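Letters A, B, ... mirror the listed sequences (proteins, then strands); counts begin at 1. Because the structure is predicted, anything quoted here is derived from the model rather than measured.
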Amino acid sequence: MATTWKFTAKEIVEKPDLFTSGHRACAGCGPAIALRQIMKATRGPTIVTNATGCMEVVSTIYPYTAWKVPWIHTAFENAAANASGIAAALKAMKRKGRLQEDIDIIAFAGDGGTFDIGIQALSGAAERGHDFLYVLYDNEAYMNTGIQRSGGTPHGASTTTSPAGKVIPGKRQYKKAIADIMVAHEIPYVATASIAYWQDVLMKTRKGLEVEGPAFLHVLAPCPRGWRYDTSKTIEIAQLAVETCIFPLWESTDGQCSLSPQSKIVALKPERKRPVKEYLETQRRFRHLLTPEFESEIDNIQKMTDKRWNKLLRRCNLVSL
Amino acid sequence: MTVVSVQQNVLALNGDEAVALAVKQSDVDVVAAYPITPQTIIVERFSEYVADGEVDTEFVCTESEHSALTACLTASATGVRTFTASASAGLALMHEILYVTSGCRAPVVMAIANRALSAPINIHCDHSDSMVERDSGWIQVYVENSQEAYDSIIQAFRIAENPEVLLPVMVCLDAFFLSHTLENVRVLSDDIVQGFVGLRKIPLVASHEGKKVPFRLDPENPITIGPLDLYDYYFEHKRQQEEAMNHAPQVIKRVHDEYAQLSGRRYGNGLIETYELEDAEIAAVCVGSTAGTAKTVVDELRAKGVKAGLLRLRTFRPLPTADVKEALESVRAIAVMDRSNSFGGNGGPVFHEIRHILYDSKTHPHVVNYIYGLGGRDMPQSLIRGIYRDLGEISETDRVESRVHFAGVRE
Amino acid sequence: MTEKQKGWKEVPVAGVCWKPATDYPTGDWRTFKPIRDPEKCTKCLLCPMICPDSAIEWNRNTEDIQFDYDFCKGCGICANECPAEAIIMTREEEEA
Ligand code: SF4
Ligand code: SF4
């Protein structure tokens with residue numbers, strides 16, 4: 001796909017926010033950054049739908065709304081079905097001559113609304129092939145309800161439903177490979193992104209909007225309260241996740257998988273791959289792993305990270321080193 | 001009598017097919033649905049219309065009923081006319097979104113082929129599925145036959161989309177008795193139906209940009225639908241929904257009258273249908289296809305000089321309180337027939353509400369309840385005769401021995 | 001806000017929002033305030049792209065960025081990330 005657009009910082013800061021200030025997200029909120037960046041990459045008229053979750057709540061506390069685009073929320077588990085209905089309506093209106101312009105559709109959902117309760121609607125919408133971009137803003141737990149674990153919570157993280165106790169060191173399971181599941185749906189575009197790299201987020205958003213059919217964008221969006229770090233560290237941590245290969249950046253266009261520059265550099269220069277411990281240390285949700293009883297968990301996380309990284313390298317036709 | 005002004009064809013259709021045809025003729029933009037017995041024929045017939053290019057509807061075959069109704073809701077919010085159909089477990093799965101649909105004031109129309117709820121699993125008729133949804137903010141119409149199913153679907157779009165109402169409408173037809181049974185159905189031409197339903201009108205709403213804009217998702221005039229609404233305003237929005245329900249009876253009657261001008265067909269006043277009720281001393285109340293059998297029994301009793309009558313509730317939501325009260329006030333003994341039960345609630349939902357209406361009547365008729373026909377159990381004339389016999393005794397003795405009965409269950 | 005709340009006959013239908021979030025300043029959440037040293041700032045424009053609250057704006061007239069203290073929540077991300085170390089976080093003056 002030839003990309004004729006590039007996003008310069010100047011052009012982007014001049015573009016008005018479609019997701020505005022005055023939202024009530026916590027200070028330093030990663031998902032709010034994700035939404036801001038994504039809404040800077042729209043290419044024209046856009047309708048947004050949101051699953052229930054942090055961003056739905058903080059952006060539309062009645063009678064206020066932070067949205068300068070048409071926006072609808074219906075429930076938790078159905079963001080992709082919301083998008084399906086909107087897409088069907090637009091198609092019908094076009095066919096009947098009641099609508100001329102092209103309108104893009106973006107569905108936002110958190111990890112709970114995607115990995116867990118929303119996966120059925122997402123899978124169905126992907127299979128049916130509606131033309132929309134699904135954005136998973138992943139803050140790795142049900143933060144809105146008070147930090148409960150989800151299928152997107154990483155191994156070892158302490159949450160209120162996977163607390164680090166005397167015998168169990170946080171969440172036992174590893175994070176579900178949700179983007180791989182979406183690749184298996186053979187939709188035209190799947191990508192991962194981190195808010196630490198705004199340009200990458202914007203490029204991938206635009207690609208996702210441009211392809212015909214469903215696109216899935218998995219954006220890592222750290223949460224200061226749930227991950228328990230100082231509010232100023234959101235971007236730093238989002239970057240470390242990429243540098244440690246805990247959250248590698250890649251995209252799959254028509255099934256062709258390629259690493260994004262920030263991860264490719266690590267693939268080409270393995271000495272730049274930082275140990276996961278450096279990432280875990282930054283967040284108090286992993287604090288218990290730094291104790292002698294549980295430190296073997298750090299090895300486990302490193303092993304799983306390496307295993308998944310190597311699998312990704314093979315998929316991108318880069319030999320694992 | 002209304003003068004029939006237009007040409008109509010007679011087709012042999014079952015209830016589901018009649019519904020599918022009505023949807024086809026009503027210029028529906030988006031149909032999103034999921035198959036479930038006994039509603040499936042609606043979806044199948046509609047898929048055939050799509051496959052044969054007979055409609056330009058966008059048909060979305062979803063992966064669940066939850067998504068089917070969600071898609072109808074958001075399509076409707078985008079400004080188009082939408083339809084879905086379901087039954088039983090499917091409707092139960094939609095439960096959450098039923099409330100969201102009415103709360104978002106999306107005028108979705110849905111057909112329900114009334115079927116029992118599990119467990120044990122049963123595919124046959126009763127009203128458990130839709131009766132539990134009576135508080136969901138949907139208008140509920142229960143039809144007696146396939147002809148009425150056809151007519152009611154067409155009317156439903158006009159009712160739902162009326163700016164004074166703007167509520168979703170459920171048209172409920174009895175599983176198998178109606179959904180799968182062939183009947184002669186008189187159908188209007190496509191043009192006539194399209195002319196009757198017209199294009200969907202979109203009312204205006206005040207937006208956060210300080211403008212009055214169309215109440216739909218439109219990039220030119222953005223609005224926010226479905227926000228977080230707390231104790232400061234949620235109640236006001238719920239009060240608005242009640243007001244919409246208050247407007248509905250007039251609109252239902254008006255649309256029913258207008259349609260009657262066209263088709264020559266009336267179902268009472270659109271809200272209730274009375275049968276031999278004027279001078280009745282005893283009467284049954286029911287919803288759905290059982291009314292057909294009950295009317296035969298009433299005829300038989302009338303021939304013998306028994307002053308028996310029948311009231312069929314056509315709309316259960318909004319509950320036609322004044323109409324029911326007026327129609328039943330002078331009856332001495334009333335049997336309410338419920339094809340569903342409210343376990344532990346001392347009677348079924350229709351009974352509760354009819355009795356509640358009559359509490360205010362000066363005459364205080366006796367009201368008893370017969371739960372019947374669960375899971376498709378037949379309701380033969382003999383059982384209905386028995387009910388009228390009981391009513392006769394109550395009327396004569398002025399005493400009620402037992403209030404709630406289970407008619408047709410083996411001891 | 002002491003403005004009279006609307007009754008059910010007045011509020012728009014279906015919970016459609018009627019106020020922009022920009023009418024709801026969030027600046028008073030802040031305990032630390034970002035201050036930029038224009039001398040050090042290279043106008044790389046990273047900070048406006050990573051502020052969660054759109055509180056760093058581009059001013060076309062001055063051809064420069066500026067903080068919108070009505071909305072800045074004082075998270076400190078901009079200060080933490082600025083490659084030129086041009087932003088420092090200072091404690092808000094306590095109200096007398
Ligand atoms: S402190 Fe946080 S909210 Fe304030 S301008 Fe900097 S990044 Fe934005
Ligand atoms: S990040 Fe620093 S150097 Fe870049 S524009 Fe902001 S203040 Fe200036």
Side-chain angles (χ1 to χ4, degrees), chain A residues 7-37 39-40 58-68 70-73 195-199 201-202 221-224 229-239, chain C residues 1 3 5-6 10-12 14-32 34 42-60 63-83 87-89:
Chain A
F7 296 108
T8 63
K10 182 81 184 299
E11 168 196 343
I12 293 308
V13 293
E14 282 185 343
K15 180 171 169 172
D17 278 294
L18 298 175
F19 170 66
T20 71
S21 51
H23 64 72
R24 311 282 177 101
C26 307
C29 173
I33 299 173
L35 264 58
R36 270 203 66 213
Q37 293 177 349
M39 293 312 293
K40 287 273 192 184
V58 303
S59 67
T60 61
I61 298 181
Y62 189 85
Y64 298 93
T65 174
W67 295 96
K68 285 195 165 174
W71 182 96
I72 187 167
H73 155 256
I195 54 168
Y197 308 100
W198 66 266
Q199 215 157 6
V201 173
L202 267 71
C223 164
Y229 62 83
D230 183 83
T231 56
S232 65
K233 305 288 183 197
T234 298
I235 295 295
E236 193 178 311
I237 288 171
Q239 187 172 334
Chain C
M1 261 167 263
E3 137 190 39
Q5 291 185 322
K6 290 182 198 271
E10 301 162 282
V11 286
V16 169
C17 291
W18 42 275
K19 281 185 176 184
T22 45
D23 282 2
Y24 190 91
T26 52
D28 56 356
W29 296 17
R30 191 171 58 231
T31 40
F32 289 93
T42 62
K43 297 190 193 176
C44 75
L45 300 186
L46 172 66
C47 59
M49 292 312 304
I50 53 174
C51 169
D53 290 281
S54 313
I56 309 173
E57 308 161 325
W58 179 251
N59 184 325
R60 282 168 197 263
E63 284 279 307
D64 197 0
I65 54 163
Q66 65 190 37
F67 290 111
D68 184 348
Y69 291 118
D70 284 345
F71 293 99
C72 164
K73 293 171 186 158
C75 67
I77 290 176
C78 53
N80 195 58
E81 298 304 321
C82 171
I87 303 173
I88 50 158
M89 301 301 291

Quiz item: Hey, what do you get for SG (C:Cys75) to CD1 (A:Ile33), rounding to the nearest 0.5 Å?
Solution: 6.5 Å
Quiz item: Does C:Ser54 reach the side chain of A:His23, with side-chain heavy atoms less than 4.5 Å apart?
Solution: no
Self-check item: Pairwise distance OH(C:Tyr24) to CZ(A:Arg24) - rounded to 0.5 angstrom
Solution: 4.0 Å
Quiz item: If you count heavy-atom pairs under 4.5 Å with chain C, which of A:Ala238, A:Ser232, A:Ala34 comes out on top?
Solution: A:Ser232
Quiz item: Taking C-beta and beyond as the side chain, do A:Arg36 and C:Asp53 meet within less than 4.5 Å on heavy atoms?
Solution: no
Exercise. Verify side chain to side chain contact (heavy atoms under 4.5 Å, CB included) between C:Lys43 and A:Lys10, making sure each step is shown before the conclusion.
Key: CA-CA 10 Å; C:Lys43 297 190 193 176; A:Lys10 182 81 184 299; over 6 Å; no
Quiz item: About how many Å separate CD of A:Glu14 and CG of C:Leu45, when rounded to the nearest 0.5 Å?
Solution: 9.5 Å
Practice problem: Identify which part of C:Trp29 has an atom lying under 4.5 Å from any heavy atom of chain A, answering side chain, backbone, both or neither. | Solution: side chain
Quiz item: Using non-hydrogen atoms only, which part of C:Gln5 is less than 4.5 Å away from chain A: side chain, backbone, both, or neither?
Solution: neither
Exercise. Could you check which of C:Glu57, C:Lys6, C:Met89, C:Arg60 has the highest count of heavy-atom pairs closer than 4.5 Å to chain A?
Key: C:Arg60
Exercise. Rounded to the nearest 0.5 Å, what's the gap from CD1 on C:Ile77 to CD1 on A:Ile235? Could you check?
Key: 5.5 Å
Quiz item: Quick one: SG on A:Cys29 to NZ on C:Lys73, what's the gap to the nearest 0.5 Å?
Solution: 7.5 Å
Exercise. Measure distances from A:Lys68 to the heavy atoms of chain C and classify the residue's part below 4.5 Å as side chain, backbone, both or neither.
Key: neither
Quiz prompt | Under 3.5 Å donor-acceptor, C:Glu81 side chain and A:Glu236 backbone | solution = yes
Quiz item: For chain A, which of C:Cys44, C:Cys51, C:Ala79 has the most heavy-atom pairs under 4.5 Å?
Solution: C:Cys51
Quiz item: If you measure from SG on C:Cys17 to CH2 on A:Trp67, what distance do you get to the nearest 0.5 Å?
Solution: 12.0 Å
Quiz item: Step by step, would you call C:Phe32 with A:Thr231 a side chain to side chain contact (heavy atoms under 4.5 Å, CB included)?
Solution: CA-CA 11 Å; C:Phe32 289 93; A:Thr231 56; over 6 Å; no
Exercise. Examine whether an atom of C:Thr26 lies under 4.5 Å from a heavy atom of chain A, and if so say whether it belongs to the side chain, the backbone or both; otherwise answer neither.
Key: side chain
